[in-house]
2 protein chains.
Amino acid sequence: MTRAQPYDREKALDAAQDLFWRKGYHATSLKDLEAALAMKPGSIYAAFKSKEALYLASLERYFLGSRQALRDQMAGAATVLGALADHLRSYGDTTGAPPHGRACMIVKTLLDTTADDGAISDRAQIYFEALRDEFAGFFRQARDNGELPPDANPDRLARRYQANITALRVEAHLGGDPAGLKDLAENMAQEVEELGNGG
Amino acid sequence: MTRAQPYDREKALDAAQDLFWRKGYHATSLKDLEAALAMKPGSIYAAFKSKEALYLASLERYFLGSRQALRDQMAGAATVLGALADHLRSYGDTTGAPPHGRACMIVKTLLDTTADDGAISDRAQIYFEALRDEFAGFFRQARDNGELPPDANPDRLARRYQANITALRVEAHLGGDPAGLKDLAENMAQEVEELGNGG
DNA sequence: CTCACATTTGAGTGAATGCTCAAATAATCG
DNA sequence: CGATTATTTGAGCATTCACTCAAATGTGAG
C-alpha cells in the first residue's frame, strides 16, 4: 500500500495550534511554523495546503477540544449551576497548562481578523456562537431540572456567561495580580450560583 | 522661519489610528498607511520615525481620547452610578461613529501582541490599567458621596466594570443580533445601578 | 528675485514573506 | 532484489515587507 506517514499529523497540528494561539495569525510566519512543526515548507503545504488552511485546522482543533473539555467537566457534576460556576473559577487560576493564563483563541481570532482574512473570521464567529449555544443548553438543563426558576431565559444567561468568560480570560492574558483575577472569577462564579437562590 | 507643514499631523494621526484600530498592528502594511495618510514613505518616516512609533502614537491618541470622552460623559451627570450605567448602555448601540460597534483598541492590542513586539504590549497594559484606575476613581467617588455603602470596594468594582465593558465591546465587534447586544448592555447597566440599592 | 534650507518625494534597498517543484528518499509490492 | 509510488526535501520563486536617501520642491528671509 502507501508509505506510512513519517510525520505525526496530530502532533504537528498541536504545535501549530499552540503557536497560532500564542502569536496570532498575522504575526506567525512560515519560518516559525517550520521550526515548530519540524517540517520543511514543501511538507507543510503537502499536508495542510496553505497557511490559512492550517490556521483553520488549528482553530477547529481548538474549538473541538474546548467544547469536549467543557462537556467532560459538566458531565460529572452534582449540579449544573455549580459546575458552570466552577468552570468560571478555573479561569481564575493562571498556573498550569493552557488554557489557563491565556485568552480564548477564538476571541483572539475574532479581534485580529477582518473580512479580508477570508474564511477565518467567519469560522471564528461560528465557533463562538456554537460555544454560546453550548452554554445555553446547560442553562436550559438547569431550568428544566428546577435549579433555575421556570421563567429563566437560557439564551440571555448564556450570553452573559460567555461575556464573563471572555473578559475573565482577557484579564488572565494580561498576567497582572493573580489574587485580583481569582477574586474576579469568584465574584462571577457566585453570581451564577445565586441564580439558583431566587436571584 | 521654517516652512509650514503641508500635511496635517492631527489628521494623519487620526487616519493612522483608525486604520490600526480596524486592522491591527501586524496586518497593517506601510502601503496601507501610505494610502490612508496620503503620504509617501519618506514623509511618514520623517514625521513618525517608524511603524512601531506611529502605532504607539496612535494608541496613545486612542487612550487619551477615550479617557477624555469618559470624563466628559461623567462630568455632567446627576449620579455617578447612573452615569457609569449609561456608559455601559452606550456600548449596546452599534450604530453611529466609532467607538460604537468596535472592540477596544487597547484590548485588541493586548491580544495580538507578545513580548517580542517591543514596547507596544507594555504600553497597552499601562493604558488598560490607567482606565481601570479611572473607573476605580468614580466608584470611590460614589462611595464617598453615599451612593454606595461605605464598605464597597472601588478597586474590585472597577475591575468587574472594566471586564463588563471589555466583553460588551467584543460582542459589539461581532456585529450579531443588535437586540441581544442591547439586552446584554442593559443587563450590565442595571447591575451597576442596583449596587446603589443595597445590592 | 535669489539664496538658504526645511520638507516631500518615490524609486530603490536588503530582508522576509508565502509558496512551488524538480529531485532525492523511503516504504511496499511482485 | 528491483520496480513503483507516496512522501519529504530545500533551494529558490515572485512578491511584499519596513525602510532609506539623493534629488526635487516649496517656503520665508534678505
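A quick note: this is a predicted structure, and the numbers were derived from the prediction, not measured. To find a chain, count down the sequence lines: A is the first, B the second, and so on, and within it residues start at 1.
In this structure, CZ of B:Arg9 is placed 14 Å from C1' of C:dT7, rounded to the nearest angstrom. Protein atom OH of A:Tyr25 is 8 Å distant from nucleotide atom P of C:dG18, rounded to whole Å. With rounding to whole Å, A:Ile44 atom CD1 is found 13 Å from C:dT20 atom C1'. Summarising the geometry, the separation between CG on B:Leu30 and C1' on C:dT17 is reported as 15 Å, rounded to the nearest angstrom. Atom pair A:Leu37:CG and D:dT9:P shows a separation of 12 Å (rounding to whole Å applied). Rounded to whole Å, atom C1' of C:dA16 lies 12 Å from atom NZ of A:Lys51. For A:His26 and D:dT16, the NE2 to P distance is 15 Å, given to the nearest whole Å. As a whole-Å value, the separation of B:Leu33 CG from D:dT16 C1' is 15 Å.
Contact annotation for B:Lys40: base contact, defined as any heavy-atom pair under 4.0 Å involving a base atom.
For B:Glu34 and A:Pro41, each mapped to the nucleotide of DNA chain D holding its nearest heavy atom, the one lying further toward the 5' end belongs to A:Pro41.
The side chain of A:Tyr45 places an N or O atom within less than 4.0 Å of a non-bridging phosphate oxygen (OP1 or OP2) of C:dC19.
Between C:dT20, C:dT17, D:dA18, one nucleotide has an atom nearer to the side chain of A:Lys31 than all others, and that is C:dT17. Checking C:dT9, D:dT8, C:dG18 against the side-chain heavy atoms of B:Ser43 singles out C:dT9 as nearest.
A salt bridge between B:Arg159 and B:Asp155 is absent, with no side-chain N of the basic residue lying under 4.0 Å from a carboxylate O of the acidic one. Under a 4.0 Å N-O distance rule, the pair B:Glu60/B:Arg123 does not qualify as a salt bridge. Between B:Lys40 and B:Glu34 no salt bridge is recorded (no basic side-chain N to carboxylate O distance below 4.0 Å).
Relative ring orientation between B:Phe63 and B:Tyr127 is described as parallel, the plane-to-plane angle staying below 30° on a 0-90° scale split at 30° and 60°.
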